[in-house]
Peer 1: 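Structure incoming, see below.
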Amino acid sequence: HPGADAPGQPSLELHCLIVEDNELNRHMIAMRLRDFGVTVSEAGGGVEALRLLPGAAPDLFLLDVHMPGMDGVTLARHLRQRHPRLPVYALTANVIGSEEAALAAAGVREVLYKPIDEAKLLEVLRRHAHGDDAWDIEVRAGIRQLLHRPPPGGCAAGPGCGECGS
């Protein structure tokens, strides 16, 4: 991981899936995460993220709220249905109160505002890397096993869901 071994740089053993439709934003966030020693998978939208999920086995998600096609709230619901214990964080430049309530109802743990506060991002990452959020190695290992199985009962939207591709 570039920068992870540099003096003063943390080295976090996490895998994060970033879902962001703006390529520049996505690459900037990914670059910073890699500087922290985080393994990164990237998706340009919700459908792509759901397709990557079984092979990616992330420890947490960072997802944009406003994306074309499947928005962040819908994606969070799909992620929560499939993997209720995986932490989901929303990224946005702005969000109105009703969106924040919808994100919370969809299982988003916290909204991180763009431009992303590096100290806040590092705090979130450390929380998960060090198990400070009831998140330990056994739970992560169990979830990684589950990620390689189809969700029980299929998608809540039913077979042929146009949003998640199931």
Peer 1: According to salt bridge (Lys or Arg N to Asp or Glu O under 4.0 Å), who are the partners of R26, at least two apart in sequence or on a separate chain?
Peer 2: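 In terms of salt bridge (Lys or Arg N to Asp or Glu O under 4.0 Å), with neighbours along the sequence ignored, R26 is linked to E42.
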
Peer 1: Between H128 and Y89 (judged by ring centroids, cut-off 6.0 Å), do the two rings come close enough to count as a pair?
Peer 2: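 Yes, the ring centres sit under 6.0 Å apart.
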
Peer 1: Show the nearest heavy-atom pair for residues D64 and H66, with the distance to one decimal.
Peer 2: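 Shortest heavy-atom separation between D64 and H66 comes out as OD2-O, 2.9 Å.
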
Peer 1: Is R32 close enough and on-axis enough to F36, meaning under 6.0 Å and within 45°, for cation-pi?
Peer 2: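 Satisfied, under 6.0 Å and within 45°.
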
Peer 1: If I compare all heavy atoms of G46 with all of V19, which pair ends up nearest, and what's the gap?
Peer 2: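 Taking G46 first and V19 second, the nearest heavy atoms are N-CG1, 4.0 Å.
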
Peer 1: Begin with the C-alpha distance, continue with both residues' side-chain angles, and end with the deciding distance and a verdict on side-chain contact (heavy atoms from CB on, under 4.5 Å) for E118 and E123.
Peer 2: CA-CA 9 Å; E118 218 171 271; E123 173 191 319; over 6 Å; no

Peer 1: To the nearest 0.5 Å, what is the distance between CG on L62 and CD1 on I116?
Peer 2: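 Result: 6.5 Å between the selected atoms.
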
Peer 1: Looking at I18, V88, L75, which hits side-chain contact (heavy atoms from CB on, under 4.5 Å) with F61?
Peer 2: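 With F61 as partner, I18, V88, L75 yield a single side-chain contact (heavy atoms from CB on, under 4.5 Å), made by V88.
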
Peer 1: Measure across N25 and N22 and return the closest heavy-atom pair with its distance rounded to 0.1 Å.
Peer 2: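 Shortest heavy-atom contact: N-OD1, 2.9 Å.
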
Peer 1: Search all heavy atoms of L17 against all heavy atoms of A49 and return the closest pair with its distance.
Peer 2: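 Distance-wise, the nearest heavy atoms are CD2-O, 4.1 Å.
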
Peer 1: Can you measure from CG (L33) to SG (C16) and round to the nearest 0.5 angstrom?
Peer 2: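 Between L33 CG and C16 SG, I get 5.0 Å after rounding to 0.5 Å.
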
Peer 1: Give a yes or no on whether the backbone of G44 and the side-chain of E48 come within a donor-acceptor separation of less than 3.5 Å.
Peer 2: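 Side chain of E48 to backbone of G44, a donor-acceptor pair under 3.5 Å: yes, one is there.
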
Peer 1: Not counting sequence neighbours, which residues clear side-chain hydrogen bond (donor to acceptor under 3.5 Å, both in side chains) with D71? List them please.
Peer 2: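 Only T74 meet the side-chain hydrogen bond (donor to acceptor under 3.5 Å, both in side chains) criterion with D71.
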
Peer 1: Write down the atom of L14, the atom of L125, and the distance for their closest heavy-atom approach.
Peer 2: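 Heavy-atom minimum between the residues: CD1-O, 3.2 Å.
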
Peer 1: Going from CG on L53 to NE2 on H78, what distance comes out if it is rounded to the nearest 0.5 angstrom?
Peer 2: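 So the CG of L53 and the NE2 of H78 are separated by 12.0 Å.
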
Peer 1: After noting the C-alpha distance and the side-chain angles of D117 and L112, does the key distance pass the side-chain contact (heavy atoms from CB on, under 4.5 Å) rule?
Peer 2: CA-CA 8 Å; D117 178 339; L112 304 175; over 6 Å; no

Peer 1: Whether the side chain of R80 engages the backbone of L86 through a donor-acceptor N/O pair (distance < 3.5 Å, no angle test) should be reported.
Peer 2: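 Looks like yes, one N/O pair under 3.5 Å.
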
Peer 1: Pick from H27, M67, K114: which one makes a side-chain contact (heavy atoms from CB on, under 4.5 Å) with E20?
Peer 2: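 The single option meeting the side-chain contact (heavy atoms from CB on, under 4.5 Å) with E20 is K114.
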
Peer 1: Checking L50 against L79 for the side-chain contact (heavy atoms from CB on, under 4.5 Å) test, could you report, in this order, the C-alpha distance in whole Å, the side-chain angles of both residues, the deciding distance, and whether it holds?
Peer 2: CA-CA 8 Å; L50 292 173; L79 294 172; 3.9 Å; yes

Peer 1: If I compare all heavy atoms of E99 with all of V65, which pair ends up nearest, and what's the gap?
Peer 2: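 Shortest heavy-atom separation between E99 and V65 comes out as OE2-CG1, 4.4 Å.
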
Peer 1: Report the distance from atom CG of D35 to atom CG of L122, rounding to the nearest 0.5 Å.
Peer 2: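 D35 CG to L122 CG: 11.0 Å, rounded to 0.5 Å.
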
